[in-house]
Amino acid sequence: MKRRIIPRLLLAFCLPCLLSGCWDIKDINKRYLPVVMGICDGKTETYHVTLQVPTVTGTTQILEQEAKSISKALDLIRTKSEKHVDLLHLRLILISEKMAEKGIDDIIDYAIRADDISIKGMVAIVTGDFQKALHHQVGPTPEVSSYDYFSEEAGWTPNVSLVRLWEAYKVSRSYTQDTAIPLVEAGTDTLYEFRGSAIMRNSKMVGTLTPDETLINNIFSEKYTGGTIETAEDASILIKKATVRHRIKWGDSGPQLNSKLHLDIEVSENKQGLSNQEITEEIKTSIEKRGANIIDKLHTLKADVLGIGQLFKPKMTVAQLKEWKERWYPKLQSKIEVEINIRNNIYLKDKLRENNLRM
Amino acid sequence: MSNLIEQDWEKDLIHTFDLNSDFSIKTVTLFDQTVKVYYLSSLVDLTSTLVTWDQVISATGEDNHSLARDLLPLEFTVDGSYQEVADSLVKGKLIAKDPKSGKALVLDADMWPLNRSISASENENPLQSSIDGFTEKLDTNIGLIRRRISNKELVIESYILGTNSHREIALIYMKNASNPKVVQSVKDRLNRNKHKDVIHVNGLLQVLEQPKYSLVPTYLTSELPGEAVQNLLDGKVVILMDLFPNAYSFPAIVKDLWSFKLDLNYPYLYLLFFRCIRIAGIAFAIIMPGLYVVLNSVNPELLRIQLAISVAKSREGVPYPSFVEVMLMLLLMEMVIEATIRLPKNIGPTITMVGGIILGQAIVQARLVSNLLIIILAATTISNFTMAGYLNTIGIRIFKYVVLVLSSIYGILGLQVAMIWLFIYFAALKTFSVPYLSLSTKGKSPDD
C-alpha cells in the first residue's frame with residue numbers, strides 16, 4: 001500500500017505546478033502586436049487612444065477608442081478586437097502637442113505601471129495634425145516604419161532627440177533635470193518631419209528647440225553616433241565624436257559652469273578652400289554662439305533640459321536641490337568653450353594644398 | 001565390452017537431443033578402434049576433424065593406443081557430468097566415447113566456418129582512418145585490438161557468462177592508463193553476476209549493474225577497432241562480446257558526446273573545429289523545438305518586432321497551438337528516422353522521398369504547420385545527428401521533448417529550468433565511480 005501512496009502524492013504535487021504554468025498563452029498569430037500608441041485629447045472623453053498594429057499582409061491596422069483613462073480605452077479596444085491585444089511590442093508612444101502642454105505625467109506613469117509595456121519604448125510629441133500623423137499611408141513597409149524612424153539601428157540621426165520611457169519617467173521625478181522630447185509632424189514624402197524638440201518642464205511642454213538646437217543638446221548629452229553635417233558659412237563638416245567636460249563651481253553669486261566641448265570633425269565640403277584654422281575658428285564661434293543661445297532660452301523657460309542640475313547635485317543641500325529649477329538655475333553663469341580637432345580635411349598634406357592654392 | 005553398453009550419459013544425451021535433426025551419432029575408426037562420436041552436424045565438420053586428428057596422431061607414432069591419452073594434445077578429455085557434456089556439445093565440441101572406460105571425451109573439433117571475414121564497418125563511416133571493422137568472432141576482434149596496441153601493458157581477460165547459455169566475453173584494459181578502481185569494480189561485477197545469461201547487450205549491462213533508466217548511455221559502442229583502441233589508451237575499459245561486432249567501452253563521460261576518437265587523425269585545429277560544431281549541434285538539438293514554442297506562444301516579446309511579424313505571418317491560418325504543431329512534426333520526424341533505419345536499401349529511398357514531400361512542402365501548403373517550423377525541424381534533426389556516436393544522439397532526441405513540454409508550460413523560464421535540470425542530472429551520474437561530467441578517464445579521478 002505504502003508504495004502506491006508515494007507516486008500518487010508525487011502526482012498530486014505535480015498538478016499545481018502544471019496549473020501555475022502558462023496555460024492561458026495565446027499563439028503569436030492570435031495576437032495583435034501594436035508598435036505605436038497615439039494618445040491625444042478625446043472629443044468627449046479625456047483620452048483618445050490609437051494603436052497602430054502592423055498586420056501580416058504588410059499594412060497597418062488602426063484600433064481606436066476614447067475613454068476616461070488609458071487603461072479603460074485599451075480595455076475597450078481589447079473587447080472589440082478579434083485578437084488579443086498585446087502591448088509587449090509597443091515601441092513608441094506618440095502624444096499630441098495639446099496633451100503635452102497639459103502634462104504627460106499621467107501617461108508616462110501609466111506606461112511605467114503597465115507591466116506589458118516595455119520601458120525601453122520611446123516617447124515623441126506630435127505637432128500639427130495628430131490624426132494625420134497616425135493614419136499615415138507612407139512608406140514601403142508601413143508596419144514598423146514609425147518605430148524605425150526613432151530606432152538607432154534604423155533611421156535615427158543625431159539631429160533627432162531620443163527619449164525612452166524610463167528616461168522620461170526618471171526626469172519627471174527629478175528636481176534637477178528636465179528633458180527635450182522629440183517633436184514631429186506628419187510628413188509629406190516621408191512619415192514624419194522633424195520639428196525639433198519639445199522642452200518639457202516638470203512634464204509639461206513649455207517651448208521648443210529647433211533641430212539645430214537639438215543637435216547641441218545631443219552633443220551636450222554625448223548622444224552621438226557620428227555623421228552630422230554642420231554648416232559653417234563656406235564649409236560643412238561631419239562631427240565624428242563629441243566629448244564634454246564640465247567644471248563646476250558654487251560661488252557667492254550662485255552656480256558657475258564651465259563646459260569644454262571637444263569635437264573631432266571631418267571636413268566634407270570646403271568651397272572657398274579655407275585653411276584648417278579658419279574652419280576651426282568658424283565652427284567654434286558658431287557652436288559657442290548657439291550654445292549660449294540655448295542656455296539663455298532655457299534659463300528664461302526655467303527648464304534644465306541639459307541636465308546641468310545633475311552636475312551640481314553634490315554641492316547642494318536638500319533645500320537648494322528642491323528650488324534648483326526655480327531659483328538657482330536661472331542664476332547659473334555658464335560658459336561654453338569649444339575645441340575643434342580636424343581629423344581629416346581630405347588633403348593628406350596640408351602644405352602641399354597651400355602651395356597649390358598659391359599657384 | 002563397455003563399448004557396447006550404453007552409458008547413462010549417452011542415454012541422457014540422446015534423450016535431450018533426439019528431436020534435433022543436426023544431432024548426429026556416428027561410429028568412426030580411430031587407431032583401429034571403433035569409436036562412437038556425438039556431435040551437432042550444423043557446427044562440426046567431421047571429415048576435416050578426422051583428417052586433422054590423423055595427422056596429429058600419426059605424428060606421435062606410438063602403439064599401445066589409449067584414446068584418451070592420444071587425443072590429449074588436441075583438446076581436453078573430460079570425465080565429466082552429463083551437464084558438462086551437453087554444454088560442450090552445443091558449443092560445437094565433439095563427444096567421443098572412450099572405448100575402454102565408456103566415459104565421455106570432449107574433443108575440440110573443426111567447425112564449419114560460420115564467421116564473416118574482416119571487412120569495412122557497416123554502420124560507421126570512418127574518414128581518414130583505417131576502415132576495417134570488428135566481426136562477430138571474439139578472437140578476431142581481440143586480434144584486431146592486439147595488432148594495434150603492441151604494448152605489454154595491454155591486458156585481455158576472458159570471462160564466460162551464463163548458466164544455461166554460455167557467452168564468452170573479453171575484458172580489455174591498459175594497465176598503465178586505466179583507473180584501477182574502475183577495472184576492479186568491473187571485474188567484481190563480472191564475477192558476482194557470472195551466472196546470469198547474456199544474450200544481448202542489455203544482459204551485459206545487467207551483469208555490469210548499470211542503471212536501467214539512463215538518459216545518456218553509460219558506455220560507448222563502436223564498430224571500429226581504431227575507436228576502441230583510442231578508448232583503451234584513454235583509460236577506458238573495453239568489453240568485447242562474442243558474436244557482437246561492437247566494442248563496448250566503459251565508462252562514458254560527457255566529453256564523448258562530442259568527441260570521436262578518430263578526430264585525432266586530423267590536425268589539432270580541425271579537431272577543435274569539429275568538436276565546436278558538435279557542441280553547437282547538441283545545444284541546437286536540445287533547445288530549438290522548445291525555443292520555437294517559447295517564441296511563438298509564451299514569450300513573443302523576445303522577438304524583434306520585424307521578426308515577430310514574419311513569424312506571425314508564417315503561422316497565419318495554422319489551426320493548432322504551436323505546442324501541438326511541434327509535437328506533431330517531431331513525432332513524424334522520429335517515425336521517418338525509425339522507419340528508414342532498418343529498411344532494406346532498396347525501399348529506404350521511398351520513405352525518404354515520401355517523408356521529404358510531406359515534411360517539406362505539402363504539410364505547409366495544407367496550412368497544417370508553419371514554414372518556420374519546417375526550418376526548426378530540419379535544424380533540430382540535422383544538429384542532432386552531428387553528435388558523436390549513434391547511441392548518444394538518442395538520449396538528446398528524447399530530452400528535447402522534456403525541454404519542449406517545460407517550455408510550453410513555463411516559457412523561457414521552463415527552457416532554462418530544463419537545461420539546468422539536464423546539467424544537474426549529468427552531475428549526478430556516476431559510472432564505475434567516474435563522474436559523468438569529468439573530461440578525462442585517464443588514471444585516477446581527482447576526487448579519489
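So that the names make sense, note that chain A is the first sequence line, chain B the second, and so on, each numbered from 1.
- Side chains of E301(B) and S118(A) form no contact here, defined as non-hydrogen atoms less than 4.5 Å apart.
- Here the shortest heavy-atom pairing between D27(A) and R315(B) reads OD2-NH2, 3.0 Å.
- Annotation for F385(B): atom CZ counts as buried by contact number, over 12 foreign heavy atoms lying within 6.0 Å.
- Not a single donor-acceptor pair under 3.5 Å links the side chain of N296(B) to the backbone N or O of I28(A).
- The neighbour count for K72(A) NZ, taken as heavy atoms of other residues, nucleotides or ligands under 6.0 Å away, does not exceed 12.
- No more than 12 heavy atoms of other residues, nucleotides or ligands shown are found within 6.0 angstrom of NZ on K313(B).
- Annotation: F426(B), atom CZ; neighbour count of heavy atoms from other residues, nucleotides and ligands within 6.0 Å is above 12.
- Annotation for K196(B): atom NZ counts as buried by contact number, over 12 foreign heavy atoms lying within 6.0 Å.
- For R31(A) (side chain) and S297(B) (main-chain N/O), a donor-acceptor pair under 3.5 Å exists by modelled atom type.
- Residue contact with chain A, scored on non-hydrogen atoms closer than 4.5 Å, involves the backbone of L295(B) exclusively.
- Not a single donor-acceptor pair under 3.5 Å links the side chain of H89(A) to the backbone N or O of A308(B).
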